[in-house]
Number of protein chains: 2
Amino acid sequence: MSLRYALLALLRVGPMTGYDLQKQFSQSVGHVWHAPDSQIYPELRRLEADGLLRAEEQPRGERAKRRLYHVTDAGDAAFREWIAAPLEYQRVKDQAHLKAAYLEAGTDDNARAFFERHRAQWQGELEQWERELARIVSLEHPMLQRRLAVTAAADRERTIAFKRHTYEGLVRRARAEIAWAEEGLRMLDG
Amino acid sequence: MSLRYALLALLRVGPMTGYDLQKQFSQSVGHVWHAPDSQIYPELRRLEADGLLRAEEQPRGERAKRRLYHVTDAGDAAFREWIAAPLEYQRVKDQAHLKAAYLEAGTDDNARAFFERHRAQWQGELEQWERELARIVSLEHPMLQRRLAVTAAADRERTIAFKRHTYEGLVRRARAEIAWAEEGLRMLDG
DNA sequence: AATTGCATGTAACAGGTTACATGATTGC
DNA sequence: GCAATCATGTAACCTGTTACATGCAATT
């Protein structure tokens, strides 16, 4: 159910095609929420059917078309409702910690490989998030720039603060995961 | 796909019924992986069909029956394979951070409620995990005791170390989430 | 006799993944 | 002419959630 709000969040800064959105999902927002194209196009149709989006069909060259999606008033209202609604936390489902709890069933080398992989995985996430964070703080972030362009002057600082805090949280999490993996490696060596 | 390995992990310490497993999923392992009964019973049947479990049907009183599940050799092998296989990390899907990135669309009070709820949520998880951790360190944990009873003496320390490290990681994560929420609250007040 | 605990499932639906499938346009 | 990019979907499947549904056994 979050996909539709992620889509609305992106479209609220300006109209985009499914293709544009797809790219965003493999870049900026994709660091927090990812979706494949096969999920995006049907969901856009559903949002349109629900009246939260309006599609503007544009010709593209001679034969082709593209659908530019706009957020409707109802869409904006739905987004604000989602923001105001309390988040439903679901039970923890954590593959990495599930496996970590049973590493004694394998060899030490196996456990070592597990922790090294975990560290590498989160190292990669950390780098992405740090890059995003730097672009937010320096105001170079393209989606943030578009966002600020359609935001009242009084709200701009606030907008930046929330994005910054979000990514600081992600960076913090990545560092915690790396520290945990390194602790695991020390445990195996010590 | 992790549910079956969580079930195998539990059954490897000794035979249990679906009901027993269900209780474990709302307690010990449930802190890392949760599953409702409606998912457990069919999955046990599937594991049986795949030859990873063997069901021992026992009479219960006059009319009733119960099915005690045992891990077969194939089941044990499958579990070890899972432990040895590299973990497939999936893309991040994080509702809390997704919403946090767009809190400027709501009021400050709304954002405050969001962070307070986030803190309370993780405070609850933290307490559960700290309790588990204490029971692991003091060797009072019932599943760990059963585990150690069927573990070669040489491997007991290792087994404890992995469980302890896992829960230390969860505790660390909960603390990080709480710190992030509190940072958010300070941001709103400052 | 009533309550609590033991015990086992089905059905419908939502959400998400992977694979498959196609074709036009633009820039080199 | 070719490659990269733009553009849009369908189909099958898996996983997981929520709601529904039942009934015996042991204890008080």
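A note on names: the letters A, B, ... follow the listed sequences, proteins ahead of strands, and every chain is numbered from 1. Predicted model, so just to flag it, every value in this text is computed and none were measured.
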Roughly how far, to the nearest 0.5 Å, is OH of A:Tyr167 from CD1 of A:Ile136?
5.5 Å

Nearest to side-chain heavy atoms of B:Ser38, which nucleotide of C:dA24, C:dT8, D:dT17
D:dT17

Roughly how far apart are B:Tyr102 OH and A:Arg80 CZ, rounded to 0.5 Å?
14.5 Å

B:Asp37 CG to D:dG23 P: how many Å, rounded?
17 Å

From C-beta outward on A:Lys23, which listed nucleotide comes closest to its side chain: C:dT8, D:dA7, D:dC6?
D:dC6

From CD of A:Gln22 across to C1' of D:dC6 the rounded distance in Å is 10 Å

Taking only the side-chain heavy atoms of B:Pro42 (C-beta and beyond), determine which of C:dT10, D:dT17, C:dG16 contains the nearest atom.
C:dT10

Is it the case that atom CZ in B:Arg172 sees more than 12 heavy atoms from other parts of the structure closer than 6.0 Å?
yes

Want to settle it: does B:Arg91 or B:Tyr69 sit nearer the 5' end of DNA chain C, counting the closest nucleotide to each?
B:Tyr69

Here the distance between atom P of C:dG9 and atom CG of B:Asp20, to the nearest Å, is 14 Å

Under 4.0 angstrom between A:Arg66 side-chain N/O and D:dA7 OP1 or OP2:
yes

If you find the nucleotide of DNA chain C closest to B:Arg45 and the one closest to A:Gln39, which residue's nucleotide is nearer the 5' end?
B:Arg45

Nearest-Å distance, CE (B:Met16) to C1' (C:dC6)?
15 Å

Closest to side chain of A:Tyr19, choosing from D:dG9, D:dG16, D:dC6
D:dC6

Any base atoms under 4.0 Å from A:Arg63, or only sugar-phosphate, or nothing? Heavy atoms, all strands.
sugar-phosphate

How many angstroms lie between CD in B:Gln24 and CG in B:Leu21, if you round to the nearest 0.5 Å?
7.5 Å

Rounded to whole Å, please give me the gap between CD in A:Glu48 and P in D:dT8.
12 Å

Among C:dA7, C:dT25, D:dG9, the one nearest B:Thr17 by side-chain distance
C:dA7

Could you check which of D:dG16, C:dG9, D:dG9 has an atom nearest any side-chain atom of B:Tyr41?
C:dG9

Atom pair distance, as rounded to whole Å: CZ in A:Arg4 and P in C:dA14:
11 Å

Nucleotide of C:dT18, C:dG9, C:dA7 approaching B:Arg67 most closely (side-chain heavy atoms):
C:dG9

What nucleotide, of C:dT17, D:dT17, C:dA24, holds the atom closest to the side chain of B:Pro36?
D:dT17

How is B:Gln90 classified with respect to the nucleic acid when contacts are heavy atoms under 4.0 Å: base, sugar-phosphate, or nothing?
nothing

Calculate the interatomic distance between B:Ile40 atom CD1 and C:dC6 atom P; express it in whole Å.
15 Å

Can you check whether A:Lys93 has a side-chain N or O nearer than 4.0 Å to OP1 or OP2 of D:dT17?
yes

What's the separation between atom CZ in A:Arg158 and atom NZ in A:Lys163, rounded to the nearest 0.5 Å?
11.0 Å

